[in-house]
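To start, the structure under review is shown below, and the notes come after it.
Please read these numbers as outputs of a predicted model, since none were measured by experiment. Throughout, protein chains are lettered first and strands after them, A, B, ... in sequence-line order, and every chain is numbered starting at 1.
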Number of protein chains: 2
Amino acid sequence: MTDPQHESAGAWAKQYHLASRLVMESVLRPHDLGPTQWYVLYHLATVGETPQRDLAALLQVERATLTGVVAALVRKGLLVQEPSCTDQRQKVLRLTPAGAALWRKLPDPIALILDTAFDGIAASDVETTVHVLRTATGKLHDLLSKGTP
Amino acid sequence: MTDPQHESAGAWAKQYHLASRLVMESVLRPHDLGPTQWYVLYHLATVGETPQRDLAALLQVERATLTGVVAALVRKGLLVQEPSCTDQRQKVLRLTPAGAALWRKLPDPIALILDTAFDGIAASDVETTVHVLRTATGKLHDLLSKGTP
DNA sequence: CTAATTTTGTAAGGTGGCTAACAAAATGAC
DNA sequence: GTCATTTTGTTAGCCACCTTACAAAATTAG
């Protein structure tokens with residue numbers, strides 16, 4: 001899906017993203033977790049029990065997507081999903097002991113990626129990159145909201 | 001899937017990538033094409049008939065993935081897949097007249113994305129961005145090839 | 001020439017993303 | 001208090017990508 005004719009910052013953002021996802025997947029594969037599954041565990045382990053609704057917003061995935069990811073983790077016995085006592089529509093997610101134990105053994109793929117990827121690159125250049133990509137992303141979102149009212 | 005704790009250049013590459021894919025999908029949706037399908041048409045329209053094997057390498061997708069994409073386009077009558085006369089394992093892909101006609105009517109989503117996203121950003125900043133992302137991507141690939149021999 | 005190996009495409013099954021339609025619970029209007 | 005609306009999660013169906021395993025054709029070894 002790379003496009004040799006249009007080689008540009010756009011293509012490189014994609015290349016970087018794919019490479020970092022490959023690293024993440026290769027780190028997590030031995031533990032039988034996908035990247036999104038890891039993010040869910042990460043959040044529950046560091047922040048504690050969380051309503052599923054909030055998690056969808058935090059991870060920026062659709063409710064329906066999270067349903068599937070959570071179902072996979074519940075199937076593996078790593079977390080439980082129980083109805084909130086104050087609002088019976090909501091479900092609260094919490095690590096099981098097995099989930100917490102797994103988390104303790106898990107490497108941190110994000111730290112590995114950042115340490116590897118930006119090692120030796122000037123901080124100011126990284127800042128410029130973040131700024132350019134953030135600006136570009138904003139413009140694309142503007143286009144989307146204008147183009148599709 | 002964004003990760004507020006680790007918000008960094010890593011997350012922004014992803015954000016940009018997702019935004020550009022959304023733009024591409026919204027441009028192509030009226031024509032009932034997905035991004036990868038568009039890239040296949042793009043290549044066949046600008047370069048001419050191509051062995052499926054080569055196309056997989058050019059688009060950087062797995063052979064198995066391309067099988068599905070090509071099948072969808074064949075189903076729509078936009079291209080044909082015929083065995084090579086010199087090597088009967090290979091299949092050569094070529095636009096049909098219908099595919100060529102559709103291509104002529106199609107907008108160029110890549111041009112739209114690049115024009116929108118990087119408009120008004122200093123060329124030197126874009127160059128820095130490309131350099132940082134390319135370097136970071138290279139380091140991640142190094143890690144992958146060393147880590148998994 | 002035959003037998004082993006490599007190359008090419010396909011099939012099956014999983015992940016993770018989306019939308020749309022739905023049911024149940026909570027909330028607001030009146 | 002009842003009825004309409006909003007919120008929450010699930011289901012079902014689609015897309016694009018992956019890996020593994022396979023079959024058929026081509027190439028290489030002997």
Side-chain angles (χ1 to χ4, degrees), chain A residues 1-2 14-15 17-19 21-26 28-40 50-76 79-93 144 148, chain B residues 1-2 14-15 17-26 28-29 31-40 50-76 79-93 144 148:
Chain A
M1 193 132 135
T2 302
K14 175 175 196 169
Q15 297 295 310
H17 172 243
L18 293 178
R21 215 186 51 183
L22 279 179
V23 171
M24 189 149 182
E25 285 171 354
S26 74
L28 294 177
R29 186 162 311 123
H31 305 280
D32 194 31
L33 289 174
T36 308
Q37 295 177 19
W38 183 88
Y39 277 113
V40 171
T50 307
Q52 184 165 330
R53 168 198 52 157
D54 296 350
L55 205 50
L58 283 164
L59 303 188
Q60 292 187 202
V61 296
E62 291 300 311
R63 282 173 299 149
T65 301
L66 192 53
T67 294
V69 173
V70 166
L73 292 169
V74 168
R75 201 174 347 108
K76 297 182 207 173
L79 55 81
V80 288
Q81 189 186 33
E82 32 189 44
S84 158
C85 34
T86 65
D87 181 341
Q88 299 209 281
R89 292 169 307 180
Q90 283 180 230
K91 305 207 179 160
V92 173
L93 306 180
L144 282 169
T148 48
Chain B
M1 190 133 136
T2 303
K14 175 174 195 170
Q15 297 295 310
H17 173 242
L18 293 178
S20 69
R21 215 186 52 182
L22 278 179
V23 171
M24 189 148 182
E25 284 170 354
S26 75
L28 295 176
R29 195 174 346 264
H31 302 95
D32 194 31
L33 288 174
T36 309
Q37 294 177 20
W38 184 87
Y39 278 112
V40 171
T50 308
Q52 185 165 328
R53 169 198 50 154
D54 295 351
L55 204 50
L58 284 163
L59 304 188
Q60 293 187 198
V61 297
E62 292 300 310
R63 281 173 301 147
T65 301
L66 192 54
T67 294
V69 173
V70 166
L73 292 169
V74 168
R75 202 170 351 105
K76 296 182 206 170
L79 56 82
V80 288
Q81 187 187 35
E82 32 189 44
S84 159
C85 34
T86 65
D87 181 341
Q88 298 208 281
R89 292 169 307 180
Q90 284 180 228
K91 306 207 177 159
V92 174
L93 306 180
L144 281 169
T148 49

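- Under the 3.5 Å distance criterion, the side-chain polar atoms of A:Lys14 are left unmatched by any main-chain donor or acceptor of B:Ser20.
- Look at CG on B:Leu28: it is 13 Å from C1' on D:dC15, rounded to the nearest Å.
- At a threshold of 4.0 angstrom between heavy atoms, the contacts of A:Gln37 are confined to the sugar-phosphate backbone, with no base atom among them.
- When rounded to the nearest whole Å, the span between CG of B:Leu79 and C1' of C:dG9 equals 15 Å.
- With DNA chain C read from its 5' end, the first of the two nearest nucleotides for B:Arg53 and A:Thr65 is the one closest to B:Arg53.
- Look at CE on B:Met24: it is 10 Å from P on D:dC17, rounded to the nearest Å.
- B:Glu62 places its CD atom 15 Å from the C1' atom of C:dA11, with the value rounded to the nearest Å.
- Put simply, A:Gln90 has no side-chain N or O that comes within less than 4.0 Å of OP1 or OP2 on C:dA26.
- Note on B:Gln52: a side-chain N or O is less than 4.0 Å away from OP1 or OP2 of C:dT10.
- When the side-chain nitrogen and oxygen atoms of A:Thr67 are compared with OP1 and OP2 of D:dT10, one or more of them lie within a distance under 4.0 Å.
- Base engagement by A:Ala64 is indicated by at least one non-hydrogen atom pair under 4.0 Å involving a base atom.
- Going from atom CZ of A:Arg63 over to atom C1' of C:dC18 covers 13 Å, rounded to whole Å.
- Comparing B:Leu33 and A:Arg89 by the nucleotide of DNA chain D that holds the closest heavy atom to each, the one mapping nearer the 5' end is A:Arg89.
- Look at A:Gln88 and you won't find any side-chain N or O under 4.0 angstrom from OP1 or OP2 of C:dT27.
- In this structure, A:Arg29 and A:Val92 both approach DNA chain D, and ranking their closest nucleotides by distance from the 5' end singles out A:Val92.
- One atom, NZ of A:Lys76, and another, C1' of C:dT15, lie 10 Å apart when rounded to the nearest Å.
- When heavy atoms are screened at a 4.0 angstrom cut-off, A:Gly68 is found touching no nucleic acid atom at all.
- Residue B:Thr36 places at least one side-chain N or O under 4.0 Å from the OP1 or OP2 atom of D:dC17.
- Remark: C1' of D:dC18 and CG of B:Leu144 are 15 Å apart, rounded to the nearest angstrom.
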